[in-house]
A.B. asks: 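Can you keep this structure in mind? I'll have questions shortly.
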Amino acid sequence: MNAPNTEASSSRFVTITEAGQPLRLHYNDVGSGSEVVVMLHGSGPGASGWANFHRNIEPLVDAGYRVILLDCPGWSKSDTIVSTGSRSDLNARCLKGVLDALDIAKVHIIGNSMGGHSAVGFALAHPEMVGKLILMGGGTGGPSALVPMPAEGIKLIGALYRDPTVENLKRMMNVFVYDTSSLTEELYQQRLSNILARRDHLENFVKSAQINPKQFSDYGARLPEIKARTLIIWGRDDRFVPLDIGLRLLWGIPNSEFHVFSQCGHWAQWEHAEVFNNMVQDFLAR
Ligand SMILES: O=C(O)/C=C/C(=O)/C=C/C=C(\O)C(=O)O
């Protein structure tokens with residue numbers, strides 16, 4: 001019997017060059033299929049590939065995919081960074097560096113929130129390297145037609161970055177998911193320890209937003225350039241990146257489809273993991 005895949009057993013590092021400087025990035029590498037699925041996490045404090053997607057890795061690995069979870073610069077065990085330009089483009093450059101280092105020519109990408117913005121940035125810069133895209137609660141920065149921006153959840157993320165207390169974490173997590181009864185003390189403690197482990201990441205995120213408040217590019221005008229078949233997934237009750245941003249993606253990306261979960265906040269892959277996993281496998285196999 002194979003040993004279970006764990007964060008520790010799949011943990012790897014690679015050093016790329018970013019803006020002429022070495023940048024050490026952490027990733028998890030699970031499974032050994034010839035088709036590769038990259039998972040890109042969101043921008044909340046304490047996020048990581050493993051923390052965002054731990055309910056989604058095993059089903060894809062069991063279905064025969066190799067899964068790479070990249071921790072973007074400024075999160076988890078990756079180097080810290082001050083982002084003064086587009087963070088979505090920065091993450092896209094980092095993904096290119098990692099794939100080149102691993103000699104991987106083509107990937108499917110699942111992006112959550114900031115990870116969705118970064119996946120679109122990557123697809124625009126390197127269309128030949130993208131198989132299919134799955135965008136959840138993200139895909140472009142820019143305005144919502146319905147909700148004042150920054151949305152309430154994004155304001156709570158900012159407060160948590162500036163003042164990383166368990167009270168601020170609970171305030172953020174309580175609008176993060178639809179069903180707050182799913183939030184356990186263990187989850188809070190795990191997330192808080194991730195957050196407090198890297199105060200440099202917190203400080204640099206705050207600094208980045210002060211230098212450039214628009215960290216996430218508005219790719220709206222360029223969405224029609226995306227040729228990859230794209231599955232857009234959203235929570236109806238998303239209070240971080242409003243649902244109508246998903247509609248903008250659907251209008252803009254020519255070969256796209258849109259699924260909305262009711263009773264779901266910003267973490268569709270976690271709140272509706274089983275249906276999400278089946279949907280992803282079906283979409284990738286089509
Ligand atoms: O401001 C945006 O457009 C993006 C926000 C996020 O990326 C928020 C993500 C939060 C998480 O996924 C998390 O795990 O904290």
Side-chain angles (χ1 to χ4, degrees), residues 39-56 69-76 83 86-92 109-121 134-144 147-161 164 168-178 182-183 187-188 190-198 201-202 205-206 208-209 212-220 232-235 237-246 248-249 264-273 276:
M39 294 181 172
L40 297 176
H41 61 81
S43 69
S48 70
W50 202 270
N52 272 198
F53 292 107
H54 61 270
R55 293 187 171 177
N56 319 108
L69 302 112
L70 171 63
D71 290 337
C72 294
W75 278 272
S76 186
S83 160
S86 163
R87 194 183 281 277
S88 316
D89 289 343
L90 165 67
N91 293 339
I109 309 178
I110 304 181
N112 168 215
S113 199
M114 171 184 79
H117 307 339
S118 310
V120 165
I134 297 163
L135 308 174
M136 284 139 42
T140 181
S144 158
V147 176
M149 303 282 259
E152 106 191 88
I154 300 299
K155 288 188 187 168
L156 294 175
I157 281 189
L160 182 57
Y161 267 110
N168 278 344
L169 174 64
K170 287 185 175 174
R171 268 184 211 114
M172 184 198 90
M173 295 298 288
N174 268 277
V175 302
F176 206 59
V177 294
Y178 175 81
S182 60
L183 299 173
L187 186 92
Y188 289 132
Q190 179 58 52
R191 187 78 189 222
L192 192 63
S193 94
N194 289 354
I195 292 171
L196 296 178
R198 292 298 298 259
H201 286 341
L202 309 183
F205 187 92
V206 172
S208 303
N212 176 21
K214 291 202 187 311
Q215 288 282 304
F216 302 120
S217 309
D218 184 350
Y219 293 123
I232 302 158
I233 299 177
W234 231 268
D237 311 288
D238 191 328
R239 291 154 78 177
F240 285 70
V241 182
L243 178 61
D244 68 297
I245 303 284
R248 280 178 62 207
L249 297 171
C264 179
H266 193 51
W267 251 10
Q269 83 283 9
W270 191 82
E271 282 194 271
H272 292 268
F276 174 89

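Indexing begins at 1, ligand by ligand and atom by atom, following the structure's order.
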A.B. asks: Ser83 and Gln215: side-chain donor and acceptor closer than 3.5 Å?
C.D. replies: yes

A.B. asks: When only distance counts, is Ile157 in polar contact with ligand 1, meaning an N/O pair under 3.5 Å?
C.D. replies: no

A.B. asks: Is any side-chain heavy atom of Pro164 less than 4.5 Å from a side-chain heavy atom of Leu169?
C.D. replies: no

A.B. asks: Could you tell me whether Trp267 approaches ligand 1 through its side chain, its backbone, both or neither, with non-hydrogen atoms closer than 4.0 Å?
C.D. replies: side chain

A.B. asks: Could you work out, with salt bridge (Lys or Arg N to Asp or Glu O under 4.0 Å) as the rule, every residue matching Asp218, not counting sequence neighbours?
C.D. replies: Arg248

A.B. asks: Would one find an N or O of His266, backbone or side chain, under 3.5 Å from an N or O of ligand 1?
C.D. replies: no

A.B. asks: Applying a strict 4.0 Å limit to heavy atoms, is Arg191 in contact with ligand 1?
C.D. replies: yes

A.B. asks: Under 3.5 Å, is there a donor on one side chain and an acceptor on the other for Ser76 and Ser48?
C.D. replies: no

A.B. asks: Which is closest to atom 8 (C) of ligand 1 in terms of heavy atoms, Gly42, Gly116, Ser113, Ala51?
C.D. replies: Ser113

A.B. asks: Strictly by modelled atom types, are Asp238 and His266 linked by a side-chain donor-acceptor pair under 3.5 Å?
C.D. replies: yes

A.B. asks: Tell me whether ligand 1 is touched by Gln215 - counting only heavy atoms on the residue side and a distance under 4.0 Å.
C.D. replies: no

A.B. asks: Taking N or O atoms only and a 3.5 Å limit, does Pro45 qualify as a polar contact for ligand 1?
C.D. replies: no

A.B. asks: Could you list the atoms of ligand 1 found under 4.0 angstrom from a heavy atom of Gly44?
C.D. replies: 9 (C), 10 (C), 11 (C), 13 (C), 15 (O)

A.B. asks: Can you find a heavy atom in the side chain of Leu156 that is under 4.5 Å from one in the side chain of Phe176?
C.D. replies: no

A.B. asks: Hey, does Phe216 sit under 4.0 Å from ligand 1 if you only count heavy atoms?
C.D. replies: yes

A.B. asks: Are Tyr161 and Asn168 close enough that a side-chain donor and a side-chain acceptor fall under 3.5 Å?
C.D. replies: no

A.B. asks: Can you tell me the protein heavy atom closest to atom 12 (O) of ligand 1 and the distance?
C.D. replies: Asn112 OD1, 3.2 Å

